[in-house]
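Throughout, a chain's letter reflects where its sequence line sits, starting with A, and its residues are numbered from 1. What you are looking at is a predicted structure, and each value in this text was computed from that prediction instead of being measured.
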There are 2 protein chains.
Amino acid sequence: MRSADLPEVRSLHLFQTMKEETFDSIVKAAYFQTFPDHVVLIEEGEPADFLYVVIEGRVELFAHANGRETSLAMVSPIGTFILAAVLKDAPYLMSARTCQRSRILMIPAEDLRAAVDQDKAFAAAIIRELASCYRAVVKDHKSLKLRTGVERLANRLLRYHHDQGGNGSLSLPYDKRTLASLLGMTPENLSRAFNTLKPYGVTVDGGTVRLHDLVALETLAKPNSLIDDRRI
Amino acid sequence: MRSADLPEVRSLHLFQTMKEETFDSIVKAAYFQTFPDHVVLIEEGEPADFLYVVIEGRVELFAHANGRETSLAMVSPIGTFILAAVLKDAPYLMSARTCQRSRILMIPAEDLRAAVDQDKAFAAAIIRELASCYRAVVKDHKSLKLRTGVERLANRLLRYHHDQGGNGSLSLPYDKRTLASLLGMTPENLSRAFNTLKPYGVTVDGGTVRLHDLVALETLAKPNSLIDDRRI
DNA sequence: CGCATGTTTGACTCGAATCAACCACAGTGG
DNA sequence: CCACTGTGGTTGATTCGAGTCAAACATGCG
């Protein structure tokens, strides 16, 4: 891989604390590849051959069943995906496709597992990463089971708003059909949910959303740190 | 703790491969306690003081938001819960209560984290356990997003049927209101879902369910190993 | 027996998916 | 410059799955 990218990868939490020699062994075994937009990287059910690290671009994780499809998560730089499958040497539970031109680091599963075995600090980092991923899914699951579509949208808007500086305006990071699928609703329903939020001071102009009445929106959304806070 | 219980705990995957001395250190620090039925052990939001191991009985994991409540999982012997919170030293995302008189091993979070740091084999076991928990939630999440209530019930019945020997009959492991909550529906709706499955050869008598036409039920349920198989 | 709990049924409401049409806009090519 | 087209988004009408509320029913237990 390009040596210019090394520091970037090394700075990822997952790779920060590991021994130099373990990092080297992984880097030597890994592949760097650039993919165009809308390329399917993996499909659910396939054996877990690689751990993927998104360096540039964006990847969507999604799944199929009974003829339906849903988005499960978006991975932005610098983030990994399909870690659990690789560690368990089990089939992927999700498919992945680029939603932008993306540069991706692919670490062979064998080499990753060897590195975990050899490097205590790396094992500790893996545990932290896995625990975080686990808690993220639990939060999504709680959100889906305990909230209506409008509530999920309201809380998602508050989250983006907070992440982007909280100055009353935010831009949606994905197109609306993707956001709808992430939130567990149809595009039509998302559109209606935005309309439902209008009386609470939410105005939409393309991908730009303005929140004119944070108090009202929060009263409706009832944000809950145990669902919405990505840090804990 | 009672020394009679040690082998049982030691035989749990999580504790099987660890060094004798690490196991001892954990056992020394741990508390053994018996709780009556319907006791709340932890509440979401509390700091993660203990890892819990169910030795006897059964524990329900559940969560609240916006005045609603939902079951997230049931833990049977020998199983652990709240592992991720303990490892991350973060607040619990779920509450837990006994649904039977239960004997429970409580391992102080500090001691558990110390054991993970000291014992490579234990760290590896923790990684496997965490990865399994992660994949279990992903499967639940996929089920909820991709299936209707009737489909979720049909697949759950097929799972219990398979687990219990697959002889055409199964007994529901929990009462119906709990099962309903686990499946993300109301008790009323579960009752109707059973009725919907009648034409597919499903008859219910209390907690006993008979599957008279497996082919028909499977055609409806479309079971999917990437959602329903608990082993992978 | 009387009471509590869990379950089922029925009527109704509500949230969400579906189907279809329409709109806005960007990119293309005449 | 303007029609043509494809895409993403919105709107409306309708259907459907699921929740709510209320009542009936079953079961088990003191």
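Scanning residues 177-190 of chain B for heavy-atom distances under 4.0 Å to DNA chain D yields B:Gly184, B:Met185, B:Thr186, B:Glu188, B:Asn189. Within residues 146-158 of chain B, no residue has any heavy atom closer than 4.0 Å to DNA chain C.
Nucleotides of DNA chain D that come within less than 4.0 Å of any heavy atom of chain A span, from the 5' end to the 3' end, D:dG9 to D:dA13.
Among residues two or more places apart in sequence or in another chain, the side-chain hydrogen bond (donor to acceptor under 3.5 Å, both in side chains) test is passed with B:Arg97 by B:Glu60, B:Glu69. Contacts of B:Glu129 classified as side-chain hydrogen bond (donor to acceptor under 3.5 Å, both in side chains), with partners at least two apart in sequence or in another chain: B:Thr80.
Closest approach of B:Ala96 and B:Val59 over heavy atoms only: CB-CG1, 3.9 Å.
Listed by first and then second residue, the ring pair (Phe, Tyr, Trp, His ring centres under 6.0 Å) pairs that reach into residues 129-166 of chain A are A:His141-B:His141, sequence neighbours excluded. Counting only residues at least two apart or on different chains, the side-chain hydrogen bond (donor to acceptor under 3.5 Å, both in side chains) pairs with a member in residues 37-48 of chain A are A:Glu44-B:Lys142. Each ring pair (Phe, Tyr, Trp, His ring centres under 6.0 Å) pair with one or both residues in residues 43-62 of chain A, not counting sequence neighbours, appears once here: A:Tyr31-A:Phe50, A:Tyr52-A:Phe81, A:Phe62-A:His64.
Looking at B:Ser181, its side chain does come within 3.5 Å of a backbone N or O of B:Ser71 through a donor-acceptor pair. The closest donor-acceptor contact from the side chain of A:Asp228 to the backbone of A:Asn224 lies under 3.5 Å. With hydrogens and angles disregarded, a donor-acceptor distance shorter than 3.5 Å links the side chain of B:Arg68 to the backbone of A:Leu146.
Note on the helix from C:dC1-D:dG30 to C:dG30-D:dC1: terminal axis deviation equals 20°, with five pairs used at each end and the result rounded to 10°.
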Review item, side-chain donor-acceptor pairs of residues 166-175 of chain B, under 3.5 Å, at least two apart:
{"from": "B:Asn167", "atom 1": "OD1", "to": "B:Ser169", "atom 2": "N", "distance (Å)": "3.2"}
{"from": "B:Asp175", "atom 1": "OD1", "to": "B:Thr178", "atom 2": "N", "distance (Å)": "3.1"}
{"from": "B:Asp175", "atom 1": "OD1", "to": "B:Thr178", "atom 2": "OG1", "distance (Å)": "2.5"}

Taking distance alone, no hydrogens or angles, what donor-acceptor pairs closer than 3.5 Å link side-chain atoms of residues 198-212 of chain A to residues at least two apart or in another chain?
{"from": "A:Lys198", "atom 1": "NZ", "to": "A:Asn195", "atom 2": "OD1", "distance (Å)": "3.2"}
{"from": "A:Thr203", "atom 1": "OG1", "to": "A:His212", "atom 2": "NE2", "distance (Å)": "3.0"}

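Separating the CZ atom of B:Arg192 from the C1' atom of C:dT9 is a distance of 7 Å, rounded to the nearest angstrom. As a whole-Å value, the separation of B:Phe194 CZ from C:dT8 C1' is 12 Å.
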What's touching nucleotides 3-5 of chain C from the protein side, N or O pairs under 3.5 Å?
none

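Using a 4.5 Å heavy-atom threshold, the side chains of A:Ile127 and A:Leu130 count as separate.
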